[in-house]
Trainee: 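One structure, as structure tokens, below. Some questions next.
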Amino acid sequence: MLKTITEHIGAFGQHYPKVAAIVTAASRGKDDAMTAAWHSSISLNPPLYGVSISPKRFTYELITESKDFGINFIPFEKAALAAKIGGTAGREMDKFERLGIEKEKPSVTQAPILKDAYAAYECKLVDSRAYGDHIWVVGEIVAVHFLEEVFTSERILDLEKVKPLLYLGLEFYATSDKGSVSFIKRGI
Ligand SMILES: Cc1cc2nc3c(=O)[nH]c(=O)nc-3n(C[C@H](O)[C@H](O)[C@H](O)COP(=O)(O)O)c2cc1C
């Protein structure tokens, strides 16, 4: 099959699927949450995590004030919640109250942890830098919350117990199935 090549990049989405996560922050007694697909681990030592956030987001404003944030991983069954969180403005409403999002207390930061999350990182802001129209926000992971029972003894997500929330672009979501899990040793 012949690949199409274009220099008209547009709203590129060829790299999807990506895990959709919920970024949380709190400041001035206000909590907010936004959905993010553009995030990544960066370093193991120290443990660094990055997320690309538009400066227009209220969550970003709270992160710049509090200097910390949370990254919450929710299951596929909560895709509708991710769409609601990612389609509403924290400047206009308390999303936690309006969307009935239950939160748990963070341990080190001020960022609320979602009760629906099977895993979450608490991050302390270490750097933020503008790249084009987004800010690459980097945090050091200072606490990890996770449901031990949905991970195997090797700390691999058990796809029989939890279905990760994958984002395909636009308004499309998917998940992955246990049948596709393969153990393949790296190298030749
Ligand atoms: C699936 C999905 C993924 C998104 N990924 C990002 C992202 O990576 N970075 C970003 O700045 N906004 C992203 N958004 C948009 C924000 O979640 C959205 O603008 C949100 O309403 C911001 O809320 P806030 O203003 O209360 O912070 C995404 C939205 C959805 C639905």
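Order of listing sets the numbers, starting from 1, for every ligand and every atom in it. Computed over heavy atoms, backbone and side chain alike; hydrogens, waters and symmetry mates excluded.
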Trainee: Measuring from the heavy atoms of Ser52, does anything fall under 4.0 Å of ligand 1?
Mentor: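 The answer is yes: ligand 1 sits under 4.0 Å from a heavy atom of Ser52.
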
Trainee: Please report the closest heavy-atom contact between His134 and Pro55, naming both atoms and the distance.
Mentor: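 Taking His134 first and Pro55 second, the nearest heavy atoms are CA-CD, 4.3 Å.
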
Trainee: With heavy atoms of Ile85 as the reference, note each atom of ligand 1 found under 4.0 Å away.
Mentor: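 In order of number, 20 (C), 21 (O).
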
Trainee: Please find out if less than 6.0 Å separates the ring center of Phe151 from that of Phe146.
Mentor: yes

Trainee: Of all the non-hydrogen atoms in the protein, which one sits nearest to atom 27 (O) of ligand 1, and at what distance?
Mentor: Thr59 OG1, 2.5 Å

Trainee: Tell me the contacting part of Lys95 for ligand 1: side chain, backbone, both, or neither, using a 4.0 Å heavy-atom threshold, strictly below.
Mentor: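 Looking at Lys95 and ligand 1, just side chain atoms fall under 4.0 Å.
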
Trainee: Considering heavy atoms of the protein only, find what lies nearest to atom 28 (C) of ligand 1 and give residue, atom and distance to 0.1 Å.
Mentor: Thr35 O, 3.2 Å

Trainee: What do you reckon, is CZ of Arg155 surrounded by more than 12 foreign heavy atoms closer than 6.0 Å?
Mentor: no

Trainee: If you measure from atom 29 (C) of ligand 1 to every heavy atom of Gly86, Ala33, Ala36, which option wins on shortest distance?
Mentor: Gly86

Trainee: Going by atom types only, do Asp32 and Thr59 share a side-chain donor-acceptor pair under 3.5 Å?
Mentor: yes

Trainee: Just to verify, what does Lys115 make a salt bridge (charged side-chain N to carboxylate O under 4.0 Å, His left out) with, not counting sequence neighbours?
Mentor: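 For Lys115, the residues satisfying salt bridge (charged side-chain N to carboxylate O under 4.0 Å, His left out) (neighbours in sequence not counted) are Glu102.
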
Trainee: Quick one: name the residues clustered hydrophobically with Phe58, using the 4.5 Å side-chain heavy-atom rule over I, L, V, M, F, W, Y, and just say none if it's on its own.
Mentor: Leu62

Trainee: Rounded to the nearest 0.5 Å, how far apart are OG of Ser176 and CG of Leu157?
Mentor: 7.5 Å

Trainee: If we only count N/O pairs under 3.5 Å, is Met34 in contact with ligand 1?
Mentor: no

Trainee: On a heavy-atom basis, which atom in Thr6 and which in Ile9 lie closest, and how many Å separate them?
Mentor: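 Thr6 and Ile9 have their closest heavy atoms at O-CD1, 4.1 Å.
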
Trainee: For ligand 1, which is the ligand I care about here, please tell me if Arg91 has any N or O atom under 3.5 Å from one of the ligand's N or O atoms.
Mentor: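 Looking only at distances, the answer is no, because the N/O contact criterion of under 3.5 Å is not met.
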
Trainee: Taking 4.0 angstrom as the limit and counting only heavy atoms of Asp32, give me the atoms of ligand 1 inside it, by number and element.
Mentor: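 So the atoms of ligand 1 that pass are 24 (P), 26 (O), 27 (O).
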
Trainee: Students often mix this up, so state it plainly: with edges at 30° and 60°, are the rings of Tyr167 and Tyr16 parallel, tilted or perpendicular?
Mentor: perpendicular

Trainee: For His39, state whether at least one heavy atom is located under 4.0 Å from any atom of ligand 1.
Mentor: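 Not so, His39 does not reach ligand 1.
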
Trainee: For atom 31 (C) of ligand 1, what's the nearest protein heavy-atom neighbour? Residue, atom name and distance, please.
Mentor: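 The closest one turns out to be Tyr173 OH, 3.6 Å.
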
Trainee: Hey, is Ala20 one of the residues with a heavy atom under 4.0 angstrom from ligand 1?
Mentor: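 Contact check Ala20 vs ligand 1: negative.
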
Trainee: Is there a side-chain contact between Ile53 and Met34 in this structure, where contact means two heavy atoms from C-beta onward sitting under 4.5 Å apart?
Mentor: yes

Trainee: Going by the order shown, which atoms of ligand 1 are within less than 4.0 Å of some heavy atom of Thr88?
Mentor: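 Under 4.0 Å from Thr88, ligand 1 has these atoms: 20 (C), 21 (O), 23 (O), 26 (O).
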
Trainee: With a 6.0 Å cut-off on the ring centroids, do Phe12 and His15 count as close?
Mentor: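 Distance test on ring centres: under 6.0 Å, yes.
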
Trainee: Under 3.5 Å between some N or O of ligand 1 and some N or O of Gly90?
Mentor: yes

Trainee: Can you find a non-hydrogen atom of Tyr60 under 4.0 Å from ligand 1?
Mentor: no

Trainee: Would you say Phe58 has any N or O atom under 3.5 Å from an N or O of ligand 1, going by distance alone?
Mentor: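 Yes, since at least one N or O of Phe58 sits under 3.5 Å from an N or O of ligand 1.
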
Trainee: Can you confirm whether Glu61 sits close enough to Arg91 that some side-chain heavy atom of one is under 4.5 Å from a side-chain heavy atom of the other?
Mentor: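 Yes, their side chains come closer than 4.5 Å.
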
Trainee: Looking at His134, which atoms of ligand 1 are within less than 4.0 Å of one of its heavy atoms?
Mentor: 10 (C), 11 (O)

Trainee: Numbering the atoms of ligand 1 from 1, which are under 4.0 Å from a heavy atom of Trp38?
Mentor: 8 (O)

Trainee: Output yes when the distance from some N or O of ligand 1 to some N or O of Arg57 is under 3.5 Å, and no in every other case.
Mentor: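 Arg57 vs ligand 1: N/O contact under 3.5 Å present.
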
Trainee: Looking only at protein heavy atoms, which one is nearest to atom 5 (N) of ligand 1, and how far off is it?
Mentor: Ala37 N, 3.0 Å

